[in-house]
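Encoded as structure tokens, the structure appears first; notes follow it.
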Number of protein chains: 2
Amino acid sequence: MISSIAELISDRIGSMPAGERRAAQTLIANYPLTGLKTVAEFSAAAGVSSPTILRFVARLGFQNYPEFQSALQDELAAQLQSPASRTLNPGSVGGAASPMLEATLDNMRETFRHLTDKQLADIAARLAERRGKTFLIGGRFTDPLARYMAAHLAIIQPDVYHLAGQESIWRDRLIDMGKRDVLVIFDIRRYQESLVRFAEKAHHRGVQIILFTDQWLSPIARFARHVIAGRTAVPSAWDSSAALFVVAETLIGAVTRQLEAAGAKRIRDLESLR
Amino acid sequence: MISSIAELISDRIGSMPAGERRAAQTLIANYPLTGLKTVAEFSAAAGVSSPTILRFVARLGFQNYPEFQSALQDELAAQLQSPASRTLNPGSVGGAASPMLEATLDNMRETFRHLTDKQLADIAARLAERRGKTFLIGGRFTDPLARYMAAHLAIIQPDVYHLAGQESIWRDRLIDMGKRDVLVIFDIRRYQESLVRFAEKAHHRGVQIILFTDQWLSPIARFARHVIAGRTAVPSAWDSSAALFVVAETLIGAVTRQLEAAGAKRIRDLESLR
DNA sequence: CAAAATACGTAACATAAGATACAGCGTTCC
DNA sequence: GGAACGCTGTATCTTATGTTACGTATTTTG
């Protein structure tokens with residue numbers, strides 16, 4: 001079976017005329033980058049003319065050059081998203097849990113690879129600001145993450161509210177929200193209409209939105225000030241929110257550190273209340 | 001020093017207008033592939049117009065779009081040639097996020113190292129059994145995990161209940177519980193008295209308890225049929241529930257697989273109800 | 001609250017990209 | 001050795017891509 005374009009090429013390279021073979025070799029030599037450039041650049045690199053490149057691409061079964069490039073990009077996307085772990089700890093755990101765990105670990109690495117410290121620091125700083133209120137809400141499966149985050153934030157600072165219950169209930173809370181406030185939303189596929197509407201209204205009121213979503217970006221990204229895109233794919237019937245969970249914990253930690261002085265006092269006060 | 005375009009973006013994303021920020025976020029979300037596509041595709045993915053993309057590119061310091069794409073390609077080429085550098089975003093190495101992430105990943109590996117496949121399979125089988133009801137409850141910080149698990153389990157099988165609200169409320173639910181039922185409890189330090197009391201009473205009624213706890217084991221372990229001990233230590237003021245979260249997701253996946261036949265029909269039925 | 005400044009999108013434009021037609025050349029087979 | 005076939009490159013054309021100008025909406029500032 002032929003799964004990659006590189007395989008396809010080496011499969012047919014034997015039956016190619018000289019010029020096209022040079023194109024093939026040039027492409028393989030630093031695959032797949034040459035194929036992402038323009039026909040002119042490709043042809044120059046291979047030392048052949050543009051039509052030869054196009055004939056080469058046609059021979060591989062593509063209708064036109066853009067189609068060929070799209071295929072390469074898709075392949076690259078798949079490669080970039082499932083990195084190292086194939087080679088790592090090969091025989092550690094052989095059971096049913098292993099693929100799931102490995103995928104989850106990969107997801108976290110990937111998620112953080114796309115997340116710079118500056119981004120995290122900015123978001124943490126915004127959450128640590130105590131000018132306004134902080135609201136948290138999530139979708140059908142992600143609302144527990146909102147709760148988790150709210151439970152921690154509420155301890156180290158005042159005015160943290162988790163929006164729960166029926167849509168009509170939290171929709172009414174919009175009236176309390178203004179431009180000094182922050183709304184943390186968790187929304188992964190399949191994106192919830194009600195959340196999108198809510199986010200839009202909040203946005204129009206000037207509320208700053210921090211969005212936790214998946215790599216395909218919830219439509220709420222349109223309204224969000226900060227977007228955290230986590231990887232969710234695992235070998236299961238369900239998507240995994242684990243990467244987002246870890247980002248949430250990281251942020252909780254960062255905010256706590258920033259509020260250390262003020263927070264410590266608050267925690268002591270809380271303790272004495274129990 | 002700024003070495004990659006991703007860094008450059010996250011460095012300036014704060015000072016960008018809304019539209020360009022959306023472009024930036026979309027690009028970062030699956031970097032760098034979106035940037036290799038055409039302006040039209042990029043703009044569509046980001047939900048903005050083409051000129052906004054071009055302005056975004058110009059703000060990053062590029063003369064035109066092709067120059068920007070070339071830079072991305074060069075970066076990609078360097079990355080593809082030295083796989084080692086792909087492990088982590090250079091910007092995150094040594095940053096604030098890294099120790100937290102590393103510790104979390106270690107926790108998960110450790111947690112699963114102490115967890116045999118048989119254990120997981122047994123627990124999944126017990127949860128998949130449909131003789132009795134399934135109740136879930138958690139502590140102050142772990143209750144969201146109980147909710148998360150309940151949200152999924154409730155879809156693939158009937159009689160799944162998350163115990164929420166005040167202690168008195170769920171204590172009264174004890175009357176519904178019997179020896180055919182399962183109670184999933186999440187409890188990590190500092191262990192909650194109320195949960196321990198609840199677990200003890202449930203245990204006396206013959207309820208089978210599945211406990212998610214930390215490596216020091218909640219006192220509830222005494223009453224539990226199955227104990228999952230996750231690692232929770234991270235360089236933060238708080239403990240991390242991430243490892244337990246991943247175990248929960250793994251179990252959800254396993255149970256789903258076991259109930260595939262029955263579950264698929266149920267999911268279809270649910271869909272038709274929406 | 002008004003006015004200025006900035007940001008955004010629509011639409012028209014220029015350019016560069018990929019596609020095609022055709023002629024020259026080399027190779028191979030009678 | 002001559003003729004037919006096939007491969008390759010040059011030149012031309014067409015498409016669609018990136019670019020720019022301008023009017024409107026939005027935000028910011030006095």
Side-chain angles (χ1 to χ4, degrees), chain A residues 5 12-27 32-73 131 177-181 200-209 219 221-225, chain B residues 9 12-27 32-73:
Chain A
I5 296 175
R12 302 198 187 171
I13 198 170
S15 59
M16 285 183 188
E20 297 178 35
R21 195 173 318 137
R22 289 185 68 183
Q25 285 160 347
T26 311
L27 175 57
L33 246 119
T34 312
L36 296 177
K37 299 183 185 292
T38 66
V39 175
E41 286 174 301
F42 192 164
S43 68
V48 297
S49 66
S50 332
T52 300
I53 299 298
L54 295 173
R55 279 189 285 264
F56 161 70
V57 165
R59 191 183 297 266
L60 293 178
F62 297 99
Q63 294 298 317
N64 49 32
Y65 196 72
E67 184 181 303
F68 164 72
Q69 286 194 320
S70 298
L72 281 180
Q73 283 185 5
R131 295 189 320 173
M177 304 187 192
K179 49 180 52 175
R180 309 168 84 81
D181 302 327
E200 183 172 12
K201 285 182 188 128
H203 175 67
H204 282 142
R205 295 187 65 90
V207 179
Q208 284 204 6
I209 295 178
R222 289 193 40 165
F223 314 116
R225 185 77 171 65
Chain B
I9 292 171
R12 303 201 185 168
I13 198 171
S15 60
M16 284 184 189
E20 297 177 34
R21 196 162 48 231
R22 265 159 42 197
Q25 285 159 348
T26 311
L27 176 56
L33 251 121
T34 311
L36 297 177
K37 298 184 186 293
T38 66
V39 175
E41 285 174 302
F42 191 165
S43 68
V48 299
S49 66
S50 327
T52 300
I53 298 296
L54 296 173
R55 280 189 285 263
F56 161 69
V57 166
R59 190 182 298 265
L60 293 178
F62 297 98
Q63 293 300 319
N64 49 31
Y65 195 71
E67 183 182 305
F68 164 71
Q69 285 192 320
S70 297
L72 281 180
Q73 284 184 3

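All of these numbers come straight from a predicted model, not from anything done at the bench. Residue numbers begin at 1 in each chain, while the letters A, B, ... track the order of the sequences.
Sorted by first and then second residue, the salt bridge (Lys or Arg N to Asp or Glu O under 4.0 Å) pairs with a member in residues 35-54 of chain B form an empty list; sequence neighbours excluded. Pairs of residues two or more places apart, or lying in two chains, that qualify as salt bridge (Lys or Arg N to Asp or Glu O under 4.0 Å) and include a residue from residues 49-61 of chain A are A:Glu20-A:Arg59.
Under the rule for a side chain to side chain donor-acceptor pair (under 3.5 Å), A:Ser43 has no partner lying at least two apart in sequence or in another chain. Residues passing the ring pair (Phe, Tyr, Trp, His ring centres under 6.0 Å) test with B:Phe68 are B:Phe62, B:Tyr65, sequence neighbours excluded. Considering only residues two or more places apart in sequence or on other chains, B:Ser50 meets the side chain to side chain donor-acceptor pair (under 3.5 Å) condition with none of them. Residues passing the side chain to side chain donor-acceptor pair (under 3.5 Å) test with B:Thr26, sequence neighbours excluded: none. Considering only residues two or more places apart in sequence or on other chains, A:Gln208 meets the side chain to side chain donor-acceptor pair (under 3.5 Å) condition with A:Arg126.
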Checklist entry - What one-letter contact string describes nucleotides 25-30 of chain D from 5' to 3', where B marks a base within less than 4.0 Å of any protein heavy atom, S marks contact via sugar-phosphate atoms alone, and - marks no contact? => result ------

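In this structure, A:Phe56 atom CZ and D:dG9 atom P are separated by 15 Å, rounded to whole Å. Going from atom CD1 of B:Ile53 over to atom C1' of D:dT17 covers 14 Å, rounded to whole Å. Straight-line distance from the CZ atom of B:Arg22 to the C1' atom of C:dA7: 12 Å, rounded to whole Å. Rounded to whole angstrom, the span from the CD atom of B:Glu67 across to the P atom of C:dA16 amounts to 14 Å.
Each end of the helix from C:dC1-D:dG30 to C:dC30-D:dG1 yields a helix axis from five base pairs, and these two axes differ in direction by 30° (to the nearest 10 degrees).
With rounding to the nearest 0.5 angstrom, the CD1 atom of B:Ile9 is 6.5 Å from the CE atom of B:Met16.
Listed candidates were C:dG9, D:dT8, D:dG9. Nearest to the side chain of B:Val48 is C:dG9.
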Distances under 3.5 Å between nitrogen or oxygen atoms of protein and nucleotides 17-21 of chain C:
residue : atom : partner : partner atom : Å
C:dG18  : OP1  : A:Val39 : N            : 3.0
C:dG18  : OP2  : A:Val39 : N            : 2.9
C:dA19  : OP1  : A:Tyr65 : N            : 3.1
C:dA19  : OP2  : A:Tyr65 : N            : 3.4

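For C:dA7, the OP1/OP2 oxygens have no side-chain nitrogen or oxygen of B:Thr52 closer than 4.0 Å.
B:Gln25 is listed as a side-chain neighbour of B:Ile13, based on a closest heavy-atom distance under 4.5 Å. Residues A:Phe42 and A:Leu27 form a side-chain contact, since some pair of their non-hydrogen atoms from C-beta on lies under 4.5 Å apart. Annotation: side chain of A:Val48 is not in contact with side chain of A:Phe56 (no heavy-atom distance under 4.5 Å).
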